[in-house]
Amino acid sequence: LFIAFWFSACDLLKEQPNPNMLKCVAVCRKDSTATDTVFFTEQSMQYFDTTTNELKINSDFDFNKIMIFNRFVFYLQSDSLFTAQPVTDIISSTRNDLVLHYNLFDNKLYLEDGYPMQIDNLGFTTQMVQNKAKRAANWKRFVDRLKVVGKLH
């Protein structure tokens with residue numbers, strides 16, 4: 001009986017989620033209600049490329065799946081690290097803060113400091129740099145966690 005209990009307890013321990021896990025929660029707001037959905041976790045991530053900012057996840061996604069959400073909140077444990085707004089190449093507005101960019105041309109996701117990145121406007125660029133500086137400490141925590149779990153590319 002003790003051995004059976006021991007093996008079942010070990011199985012329960014294996015099913016416990018990692019308390020240090022990184023996750024991205026997608027928030028959809030309809031009317032006055034916000035609905036949160038786990039978009040991906042570090043386990044469902046293939047990699048994050050610190051050079052190109054490409055974020056490769058294992059699940060299938062498309063334009064419609066990304067654009068139904070209002071924002072994506074990245075968590076490490078229960079701490080909110082930062083929030084990214086969804087954008088695609090057909091959006092005509094600009095964003096001077098972190099975006100989750102679904103690139104329609106290469107069908108990839110990118111975490112970028114603003115949208116579009118090639119804009120040449122001093123006020124926009126200044127605000128984008130200031131916003132990046134505000135999240136620098138949490139961005140480091142994000143990158144450090146991905147390094148620990150072997151998800152940096």
Side-chain angles (χ1 to χ4, degrees), residues 14-153:
K14 280 192 261 182
E15 293 175 12
Q16 297 292 325
N18 183 343
N20 296 320
M21 187 167 36
L22 178 73
K23 68 181 175 183
C24 175
V25 174
V27 180
C28 181
R29 182 172 296 281
K30 291 187 178 184
D31 301 323
S32 62
T33 307
T35 306
D36 295 353
T37 303
V38 175
F39 188 59
F40 67 87
T41 67
E42 68 187 30
Q43 294 169 331
S44 62
M45 250 180 96
Q46 287 184 20
Y47 61 83
F48 177 68
D49 187 326
T50 56
T51 304
T52 65
N53 289 334
E54 179 187 357
L55 178 65
K56 178 72 171 160
I57 58 177
N58 292 330
S59 63
D60 291 329
F61 59 90
D62 62 20
F63 170 78
N64 293 323
K65 188 170 181 181
I66 301 291
M67 295 313 292
I68 63 168
F69 298 111
N70 298 90
R71 66 186 181 278
F72 296 89
V73 184
F74 289 75
Y75 291 92
L76 182 58
Q77 301 170 345
S78 60
D79 294 342
S80 172
L81 296 177
F82 45 79
T83 300
Q85 300 296 315
V87 296
T88 68
D89 299 304
I90 60 173
I91 300 235
S92 60
S93 62
T94 60
R95 303 277 194 273
N96 59 14
D97 207 351
L98 191 66
V99 297
L100 184 63
H101 176 199
Y102 175 61
N103 188 311
L104 294 170
F105 302 107
D106 63 11
N107 198 33
K108 295 179 181 179
L109 286 174
Y110 298 90
L111 270 175
E112 298 174 338
D113 294 322
Y115 180 84
M117 288 299 291
Q118 66 275 12
I119 197 165
D120 189 19
N121 176 310
L122 185 59
F124 177 86
T125 305
T126 301
Q127 187 63 50
M128 192 169 60
V129 169
Q130 290 172 354
N131 289 335
K132 182 178 179 178
K134 286 179 188 176
R135 69 175 171 276
N138 283 341
W139 186 264
K140 181 179 180 337
R141 290 178 64 201
F142 171 74
V143 170
D144 288 347
R145 177 62 189 172
L146 293 178
K147 187 182 298 183
V148 166
V149 296
K151 302 289 182 161
L152 281 186
H153 192 72

To the nearest 0.5 Å, how far apart are [atom1] in [X] and [atom2] in [Y]?
| X | Y | atom1 | atom2 | value |
| --- | --- | --- | --- | --- |
| Leu55 | Gln46 | CG | CD | 10.0 Å |
| His101 | Leu111 | NE2 | CG | 11.5 Å |
| Cys24 | Leu109 | SG | CG | 9.5 Å |
| Thr41 | Leu22 | OG1 | CG | 8.5 Å |
| Gln77 | Lys23 | CD | NZ | 11.0 Å |
| Thr126 | Asn131 | OG1 | CG | 11.0 Å |

Side chains of [X] and [Y]: does their closest heavy-atom pair fall under 4.5 Å?
| X | Y | result |
| --- | --- | --- |
| Arg135 | Asp113 | yes |
| Phe39 | Ile66 | yes |
| Leu152 | Val143 | yes |
| Thr94 | Tyr115 | no |

Under 3.5 Å, side chain of [X] to main-chain N/O of [Y], donor-acceptor pair present?
| X | Y | result |
| --- | --- | --- |
| Tyr110 | Val99 | no |
| Asp49 | Glu54 | no |
| Asp79 | Leu81 | no |
| Asp36 | Val25 | no |
| Arg141 | Ala137 | no |

task = State, to 0.1 Å, how close Cys28 and Phe69 come at their nearest heavy-atom pair, and which atoms those are.
result =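 That closest heavy-atom pairing would be CB-CD2, 3.9 Å.
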
task = Determine, step by step, whether Leu98 and Thr83 satisfy the side chain to side chain contact (heavy atoms under 4.5 Å, CB included) criterion, reporting the C-alpha distance in whole Å, the side-chain angles of both residues, the deciding distance to 0.1 Å, and the verdict.
result = CA-CA 7 Å; Leu98 191 66; Thr83 300; over 6 Å; no

request  = Please report the C-alpha distance between Tyr102 and Asp89 in whole Å, then the side-chain angles of each, then the deciding distance to 0.1 Å, and finally whether the side chain to side chain donor-acceptor pair (under 3.5 Å) criterion is met.
outcome  = CA-CA 7 Å; Tyr102 175 61; Asp89 299 304; over 6 Å; no

query = Are the charged groups of Lys151 and Glu42 less than 4.0 angstrom apart, N to O?
reply =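 No salt bridge links Lys151 with Glu42.
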
request  = Apply salt bridge (Lys or Arg N to Asp or Glu O under 4.0 Å) to Asp97 and Lys134, showing your working.
outcome  = CA-CA 10 Å; Asp97 207 351; Lys134 286 179 188 176; over 6 Å; no

key: side chain to side chain contact (heavy atoms under 4.5 Å, CB included) between Val149 and Met45, intermediate numbers included   = CA-CA 10 Å; Val149 296; Met45 250 180 96; over 6 Å; no

query = On the ring face of Tyr47, is Lys56 found with NZ or CZ under 6.0 Å from the centre and within 45° of the axis?
reply =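 No cation-pi geometry.
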
query = According to the interplanar angle, ranging from 0 to 90°, do the rings of Phe142 and Trp139 count as parallel (below 30°), tilted (30 to 60°) or perpendicular (above 60°)?
reply =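 Correct class here is tilted.
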
